[in-house]
Amino acid sequence: MALPCPAHRAATNPLRHTPRTHPSAKLALKIRAFYAKDPPVYLELQQRLLAQVREIIRSKYDVELGAIAIEQPPDLKLGEFALPVAFELARKLRKAPRIIATELAADLAAALTPAAGFAGFEAAGAGYINARLNRAAISAQLAVSEGAARTSPLHVLVEHTSINPNKAAHIGHLRNAILGDTFVRLLQAAGQRVDVQNYIDNTGVQVADVVVGFVHLEGRTLDQVRELITAAEGQTGNARFDFLCWDVYARVSQWYSAGTEDEQKARKALRYATLHEIEHGGNETAAVAELISTAVLRRHLETMQRLGITYDFLPRESEILHLNFWALAFELLKAKGVLYFETEGKNKGCWVMTRPGAETTEGTVDEDAKVIVRSNGTVTYVGKDIAYHLWKFGLLGRDFGYQPFYDYPSIQDEPAHTCWISTESGVADHPHFGGAQAIYNVIDSRQSDPQANVIQALRGMGHTAEADRYTHFSYEMVALTPRCAVELGYDVAAEDLSRPYIEVSGRKGFGVKADDLIDKLIAATRKETDTRHPERPEAERQQTAEQIAIGALRYFMLKYTRNSVIAFDFKDALSFEGETGPYVQYAIVRARNIFRKAGLTPEAVLAGLAAAGPDSLLNSADEVWGLWLRAAKRGFVLDQAIATSEPALVARHAFQLAQEFNNFYHKHHILTEEDAGKKQLLLATAAIALRELVTVLAWLGIESPEVM
RNA sequence: GGGCGAGUAGCUCAAUCGGAUAGAGCACCGGCCUUCUAAGCCGGGGGUUACAGGUUCGAUCCCUGUCUCGCCUACCA
């Protein structure tokens, strides 16, 4: 399972003696190979150049090189590609790098002609080989398309969001969902078939806590809880049901640790009795839990839908328990010898698993082994998680029951679809989930150890291909700056004030709720659209405000690389200037205005693009060519982003594209350009920028407004 | 104690397998709206990449050590 709430999930001991390799390394290779069939422009040129230089070095010097580095020179004037390979060869060949570079440049020039996309090669600096591209040919190619459709997709399963259904979603959950949803879009853009899952821990201790709150602290019956939920439907602000739960959860958490020692003991007993009733099912407590968790889940789906985030399937822990997934997994694990029964030491009487990379010695007790089944016969969380992941790969031999749960309307060009939920029996006619070839679990970095245990179990069972295609898509938490915490009215301890950030805590009710932030963002953008476009209808102003607000939020969550803690501050999150989503959207609006005023479509301009002559601006103005080159990198960036599981690369690409476009826009006044040929190229450049910006923003789940 | 991650401009972050002059945004200072929208553009100041060694033609990146910070580290779920 996805271990949705780190604070309450046991993590195991760390990997020992195991150098960490990038978890997605092997999958990345597969995806790379898959692209190679029909690579996008920049990637194709890069590969062509690398293959050629490798061949020349082989035949000329009889040297076989491993990976050959390729980069971009610091200035476009030096060319588009730079190869530092001569430095590496210098020692082997006992020759100055500059001389080697000169030799190689001459051979490359003979092999890669303008017809192959290259305009020339030269030795530069201390020994770089710089390659220039045939700008006219490449722009003509780009005008038609950047990369083609891919074939033979992998079946990929991405799990994200996975919020405990006991309280409102907060900004940390937003980062998870936005990262996950964006990665899904990237995989889809790469031609993969993707199922999106949101794992629901509906029988966990966090749900139990809220049940204790409603039933024991507030004295509500099952019917009264139902009435409360009905009354909260369609409400806004703090009257939303998940917001009510937020407060109840915080109150219960405090209640547990308040009172006398005896009271605390009794309350803790109540807590676990409630949990066990929920796990067991078929009683009133479980019915209350079902009502609450389902109502909160619906609220989470509504919140995420505001951001354009949808799911295909909601597997729940209750079914994993009641359909006995574990019992099957247990037999498989025992049969494969992954688990063994410990007869000595502190884990005596438990079924345990050797940790990844652990060094074990014959005849000694591995006290550090991970307990999977306790001495009382109950299974730990990691055990259930192993069973669930066997199902994900189609290796368990049992399936969920399925039932439709939530309908998504058709949005823009995406068709309407139904989100399914797990049940014990379910309906006869249903899609099948699980059985994926590759999986990504978007789970915060605090859970890398339990995730590693699950992977280890798969590997131990001999499912090495699956283990290699199992990616823990980890990311750091979203915390609050002390200033933000004070602003929200929380008591901040003196020692916390000097820290860069403070961790949010659902148990303390300390954090920024997702819906509150979205509301705030929309209010801020609406104020702007109202003042900027008072003449436009209200519905349109609202729609634009929402597009900008969501764009700002999604971009904010995506601009940081995954392993960077986001110190949240309203000032940064509500900013619409500089490196933000609205900045990119604004570039799009500017480009669209040009075509609107000109009475042309970007498609028509690109279709009519004549071959650029040698005196073209394309060859003299780097701010023009720079945009085309950047456009050519789209597929390259997508490839990198998927290989490294890093959506921030795409966000940065979008920003750089927008930045270059704004620069271009400022330098060239297109509509008043008198030279017809020049005007056509400028229009085509704007069209390319527009096409790329819209495409890349869509990958990020950000819409492109018509006006701003 | 052990494991993982991090330390880069005043602040928040980048830096494509080790490559050319370490880049953006914010903040600050100074310019640019009669033009395709200023949610924009241009310019400026800002750096011993935590510290000390090492490897290398070349180190923010790799190795060793030190310092600082965060997270993880239970037969709980």
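None of these values were measured; they are calculated from a predicted model. What you see below is based on every heavy atom in this structure, not just the backbone, and it leaves out hydrogens, waters and symmetry mates. Order of the sequence lines fixes the chain letters, A, B, ..., with proteins taken first and strands second; residue numbering starts at 1 for each chain.
A salt bridge links A:Lys384 with A:Glu317: the closest approach of a Lys/Arg side-chain nitrogen to an acidic carboxylate oxygen falls below 4.0 angstrom. In summary, A:Lys346 and A:Glu367 do not engage in a salt bridge, as defined by a charged side-chain N under 4.0 Å from a carboxylate O. A salt bridge is absent between A:Glu476 and A:Arg175; no separation between the charged side-chain nitrogens and carboxylate oxygens falls under 4.0 Å. Classification of A:Arg541 and A:Glu535 as a salt-bridged pair fails, no side-chain N sitting under 4.0 Å from a carboxylate O.
Partner assigned to B:C41 is B:G31, using Watson-Crick or G-U wobble distances below 3.5 angstrom. Under the Watson-Crick and G-U wobble criteria, each requiring two contacts below 3.5 Å, nucleotide B:U60 is left unpaired. Using Watson-Crick or G-U wobble geometry with both donor-acceptor distances under 3.5 Å, B:G5 finds its partner in B:C69. Checking B:A20 for Watson-Crick or G-U wobble geometry (two distances, each under 3.5 Å) identifies no partner in any strand. With a cut-off of 3.5 Å on both Watson-Crick or G-U wobble distances, the partner of B:C75 is given as none. Base pairing annotation: B:C26 forms a Watson-Crick or G-U wobble pair with B:G10, both donor-acceptor distances under 3.5 Å. With a cut-off of 3.5 Å on both pairing distances, B:G47 has no Watson-Crick or G-U wobble partner at all.
Taking every side-chain heavy atom of A:Arg499 into account, B:C69 is the closest of B:C69, B:A20, B:G5. Taking every side-chain heavy atom of A:Tyr583 into account, B:G40 is the closest of B:C75, B:G40, B:C76. Among the nucleotides B:U56, B:A20, B:A6, the one closest to any side-chain atom of A:Asn563 is B:A6. Picking from B:U12, B:G25, B:A20 the nucleotide with the shortest atom distance to the side chain of A:Tyr560 gives B:U12. Here B:C71 is the nucleotide among B:U16, B:C57, B:C71 with the atom lying nearest to any side-chain atom of A:Met477. Relative to the side chain of A:Phe655, the nucleotides B:G40, B:A24, B:C17 differ in distance, and B:A24 lies closest. In the set B:C17, B:A20, B:C75, B:A20 carries the atom at the smallest distance from any side-chain atom of A:Pro73. When distances are taken from the side chain of A:Lys597 to each of B:C36, B:C75, B:C57, the shortest belongs to B:C36. Candidate nucleotides B:C71, B:A39, B:G70 were compared by shortest atom distance to the side chain of A:Arg532, and B:A39 ranks first. Here B:C76 is the nucleotide among B:C75, B:C76, B:A39 with the atom lying nearest to any side-chain atom of A:Tyr272.
Rounded to whole Å, the P atom of B:C63 lies 16 Å from the corresponding atom of B:C17. Going from the C1' atom of B:G46 to that of B:C28 covers 10 Å, rounded to whole Å. Spacing of P atoms, B:C62 relative to B:G7, comes out at 11 Å, to the nearest Å. B:G18 and B:G31 have their C1' atoms separated by 41 Å, given to the nearest Å. Look at the P atom in both B:C42 and B:C4: the space between them is 44 Å, to the nearest Å.
Summarising the geometry of A:Asp444 relative to A:His472, their closest heavy-atom pair is O-NE2, 3.6 Å, with the distance given to 0.1 Å.
When each of A:Gly125 and A:Leu649 is assigned the nucleotide of RNA chain B with its nearest heavy atom, A:Leu649 is the one assigned upstream, toward the 5' end. Of the two residues contacting RNA chain B, namely A:Lys667 and A:Thr525, the nearest-nucleotide position lying further toward the 5' end is that of A:Lys667.
Two residues are said to be in side-chain contact when any heavy atoms from C-beta on lie closer than 4.5 Å; A:Tyr475 and A:Tyr560 fail this criterion.
Looking at heavy-atom distances under 4.0 Å, A:Asp569 makes no contact with the nucleic acid at all. Counting any heavy atom pair closer than 4.0 Å across all strands shown, A:Gln585 reaches no nucleic acid atom.
Rounded to whole Å, atom P of B:C13 lies 9 Å from atom OH of A:Tyr501. The distance between atom CD1 of A:Ile502 and atom P of B:G70, rounded to the nearest whole Å, is 12 Å. The CD atom of A:Gln656 sits 11 Å away from the P atom of B:A15 (whole-angstrom rounding). Look at CG on A:Asp572: it is 7 Å from C1' on B:C26, rounded to the nearest Å. Nucleotide B:C57 holds its P atom 19 Å from the NZ atom of A:Lys95, rounded to whole Å.
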Listed pairs under 3.5 Å, donor-acceptor, residues 72-79 of chain A side chains, sequence neighbours left out:
unit_1	atom_1	unit_2	atom_2	d
A:Gln72	OE1	A:Lys633	NZ	2.4
A:Asp75	OD1	A:Lys77	N	2.8
A:Lys77	NZ	A:Asp622	OD2	3.3

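Glycosidic conformation, B:C33: syn, with the torsion inside 90° of 0.
Between A:Arg590 and B:A39 there is no side-chain polar atom (N or O) within less than 4.0 angstrom of OP1 or OP2. Taking 4.0 angstrom as the limit, A:Arg652 places none of its side-chain polar atoms (N or O) nearer than this to OP1 or OP2 of B:G25.
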